Amino acid sequence: MIFYPGSEAEAAENISAARAAKRPLAIEGGGTRAGLGRAAQVEATLSTKALTGITLYEPAELVIAAKAGTPLAEIEATLAARGQMLPFEPMDHRALLGTIGEPTIGGISACNISGPRRIQAGACRDHLIGVRLINGRGEIVKSGGRVMKNVTGLDLVKLNCGAYGTLGLITEVTYKVLPKPEIAGTLGLFGLDDRRSIEAMSRALGSPFEVSGAAHLPAGIGGGKSRTLLRIENFAHSVDYRLRELQKLLAPFGDGLRLIEEEADALWRDIRDCRFFAEPRQRAAWRISTAPTRAAALVARLTSELDLSHFYDWGGGLIWLSAPEADDAGARIIRTVLATIGGHATLVRGSPDLRSRIDVFEPLAAPLMKTTAGIKASFDPGAILNPGRMYAGV
Amino acid sequence: MSAIAFPDLDPSILSRRDEIIAGLAALLPRECLVTTDDERRAFETDALTAYRKLPLAVALPRTTEEASAVMRYCFDHGVKVVARGAGTSLAGGAIPQEDAVVLCVAKMTRILSVDYANRTMRVEAGVTNLGITDAVMADGFFYAPDPSSQLACTIAGNIGMNSGGAHCLKYGVTTNNVLGVKMVLVDGTIVEIGGDHLDSGGLDLLGLIIGSEGQLGIVTEATVRILRSAEGARPVLFGFPTSEQAGACVADIIGHGIIPVAMEFMDKLAIEICEAFAHAGYPLDAGALLIIEVEGSDEEMETQLGKIVEIAKKHGVMTVKESKSAMETAAIWKGRKSAFGATGRIADYICMDGTVPTGQLSRVLAGTDEIVKSYGLRVANVFHAGDGNMHPLILYNVNDPEEQRKAERAGEEILKLCVKVGGCLTGEHGVGIEKRELMPCQFTPEDLAQQMRVRAVFDKAWLLNPAKVFPLEGRIAA
């Protein structure tokens, strides 16, 4: 059964009824990220499809608000018409997960979805400044608001951003937006190995030139030779100047080349969406967050034990891995190594069977797991919202 | 009789004071425990000086383990704990009570590591905000949030209040610049949340903890992001005949796709007060002043300034004065950052901290003026215009209880106006005791109950900074 509430009040009724009937609900937006997380144990679905529309847009205040089911495309088009954008460049999971449908702003918020620009501009959670949601008690709760500086009360906005709908059904979100840069320019360095490429990216990110994307595609990922890509977005005169300066700064890493804009844009889209691992579909995809300088050693260690492909975003701080599904898709080895190195791993693509057998999200230390379970119960005492989607029992 | 109420004291704690002090003394070296009247007095208030309460004792742990031992002892014995950094809270966030132990991180001041390649630093929680930047400035890096109290305030306090500063329009506030913390939970358990990598592995507990005003635990270490400084930075003074024109100029600059690193606003009284103190060359004939800072190479700054000046001209700018030297730049910022201190030279004040949608700035400024005048008081406005975070300083005489009450009432009305136009009660100072009873203006009972249930997950018995944030009536323990 699928519910399509057309208003916040109706959604609250749906949830209250589900709680009374002890009938767990799956929370769904556009369904494009349905394969993210563990398989929730549910009996019905609550969809935001009928909760749509931009409710506030003040370009001069850099703020936009929309109901959760509003397609991302509509928001991006509305912003673009006024020369603005969502700063965090949300990933589109459709290619990787093989899903169809329209990504919604609510889904992006619930999953804290960011992209390459996260390294400079911040994540989805850094720009989400207000939410309205229905908790598992069927109550309408708001946190944050429409102003970008706000420390009034506990920050339940961030808590819900990346909670995968386990704490509440997000009904409306408010984002801080930014002017769209006039142009983007990308410098490519070629033939570097992982370690050298991360050194180059660290140097670039430690420069004053505000690098807004830093990715490394090892040989064979989307092309022949390895490519290290550094993006600068700004007014045209600044991009020209800064790319020249960056090229000088990175001279020890070889002759850089400014990529053709269309070609670079396509590459950044592929990196954002992890398209390189879309095929073959039966392989699992992992996303590892760690400190850049430890990334190359981590990957070397893992590739000595597993049949992996990989590439780096966020200056090396984000590692995408493609691994065979067999057994635990490398979960045990990945997490054992990470435990000594620092960071966390999320299984982004895996069969439902795999996702029910292993921890999709990084297992938490006992006191934090207890806290997490307590927070879940404080929002959703009947455990009816996406139960088990993040952790067993949460 | 002061206007802001405090919870009733727990007589069972007060009567056991000697026993509790003895218990704490067994856990800490003598120099880390403050118990005498004279010494405790240094911890009786913060920057909300109209309110003072002596703590039961003050613990100054040197390590996370010592902090943990103190927390465990207090938990086992039902003693309240008030977290304290440098005590610069303008909202009374660090004001204790006679039945509470202050846990102050002032002795935890080591910088543990600097990692330029990953652009992070690990520091103990008592390191000052400016201390972080000072440690890396020579190498061209900085820590972005820069509250005016940055010389004194600690990163612990910044985390507690999610502090901002003048440059957060571009660089964000504390929560956008901290990657991980080590925290002692109410029962003494030590946890690591986040790390030196981006984003969290589970729920965003870090995002919850930052800005939680010492109610969820005691942060003893933090990993912060450091950024490479721009090639150059230049503040420019723009004098306008009226506040309305200055406000419209701010909106227009953003509308043109330009995000200057800072846009600070001062009204006429604030200009006079700050200029008398800092001699920064602020235009005394202007009705309102914007300090707009741009960053980049010389050529980039020229280009951006050119655009901004063109926009400002459309809004009737009277004077444009660029900083011509590092000394002038320092003077310009000194004037702005010492606005509170300089105001303190001429009168006592309370500082409100509501944020409003920037489109409402003119309306709220006019409303503020009206409200304060109706109480027969004066107000100076100095604030972050780019993000709408207002700071009306209501001048009064602290020795006149009647005037203090008037100032507090005016402050309340201003904050209600901020909420009414779509803003919030506090942008960066926190709720503390000061705005606690106003929370129902901004939040519904359901909103507050949900926050309190989350709070109770961390602190069921409300032992941690219990007099703060939530109205005293109607608290929820689970």
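Only a predicted model underlies this, so the values are computations on that prediction, with no experimental measurement involved. Because only heavy atoms are used, hydrogens play no part in the values below, and waters and symmetry mates are left out as well, while side chains stay in. Every chain is numbered from 1 and lettered A, B, ... according to where its sequence line falls, protein lines coming before strand lines.
Heavy atoms of S207(A) lying under 4.5 Å from chain B belong exclusively to its backbone. Of the two parts of F379(A), the backbone and the side chain both hold a non-hydrogen atom closer than 4.5 Å to a non-hydrogen atom of chain B. Only the side chain of R242(A) comes within less than 4.5 Å of a heavy atom of chain B; its backbone N, CA, C and O stay farther away.
Residues P179(A) and I259(B) meet the side-chain proximity criterion, which asks for heavy atoms closer than 4.5 Å. R119(B) places a side-chain heavy atom less than 4.5 Å from the side chain of S202(A). Under the 4.5 Å side-chain criterion, counting only non-hydrogen atoms from C-beta, V454(B) is in contact with L156(A).
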Exercise for review: Applying side chain to side chain contact (heavy atoms under 4.5 Å, CB included), run through N135(A) and R453(B) and close with a yes or a no.
Suggested key: CA-CA 12 Å; N135(A) 66 14; R453(B) 283 196 303 272; 3.4 Å; yes
Point to revise | Worked verdict on I375(A) versus L208(B) for side chain to side chain contact (heavy atoms under 4.5 Å, CB included) | key: CA-CA 11 Å; I375(A) 290 171; L208(B) 176 67; 4.1 Å; yes
Review point. After noting the C-alpha distance and the side-chain angles of T355(B) and N150(A), does the key distance pass the side chain to side chain donor-acceptor pair (under 3.5 Å) rule?
Key: CA-CA 7 Å; T355(B) 308; N150(A) 184 351; over 6 Å; no
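Although no hydrogens or angles enter the test, the distance criterion places a donor-acceptor pair under 3.5 Å between the side chain of H344(A) and the main chain of D199(B). With hydrogens and angles ignored, the 3.5 Å screen pairs a side-chain donor or acceptor of T152(A) with a backbone N or O of T426(B). With hydrogens and angles ignored, the 3.5 Å screen pairs no side-chain donor or acceptor of K149(A) with any backbone N or O of L169(B).
Residue E61(A) comes nearest to Q360(B) through the heavy atom pair OE2-N, 4.4 Å, listed as atom of the first residue, atom of the second, then distance.
With sequence neighbours excluded, the residues forming a salt bridge (Lys or Arg N to Asp or Glu O under 4.0 Å) with E233(A) are R117(A), R231(A), listed by chain and number.
Per-residue counts of heavy-atom pairs under 4.5 Å with chain A were compared for Y116(B), F458(B), F470(B); the largest is that of F458(B).
A salt bridge is absent between R294(A) and D115(B): the closest approach of a Lys/Arg side-chain nitrogen to an acidic carboxylate oxygen does not fall below 4.0 angstrom. Salt-bridge annotation for E182(A) and K307(B): absent, with no side-chain N of the basic residue lying under 4.0 Å from a carboxylate O of the acidic one.
The structure places CG of L154(A) at 12.0 Å from CG of D447(B), a figure rounded to the nearest 0.5 Å. Residue L198(B) holds its CG atom at 5.5 Å from CD1 of I119(A), rounded to the nearest 0.5 Å. Between the CD atom in Q450(B) and the CG atom in L167(A) there is a gap of 8.0 Å [rounded to 0.5 Å]. Distance check, rounded to the nearest 0.5 Å: CD of Q442(B) to OG of S143(A) gives 9.0 Å. Going from atom NZ of K158(A) over to atom CG of N176(B) covers 6.0 Å, rounded to the nearest 0.5 Å. Atom CD of E300(B) sits about 10.5 Å away from atom CZ of F235(A), to the nearest 0.5 Å.
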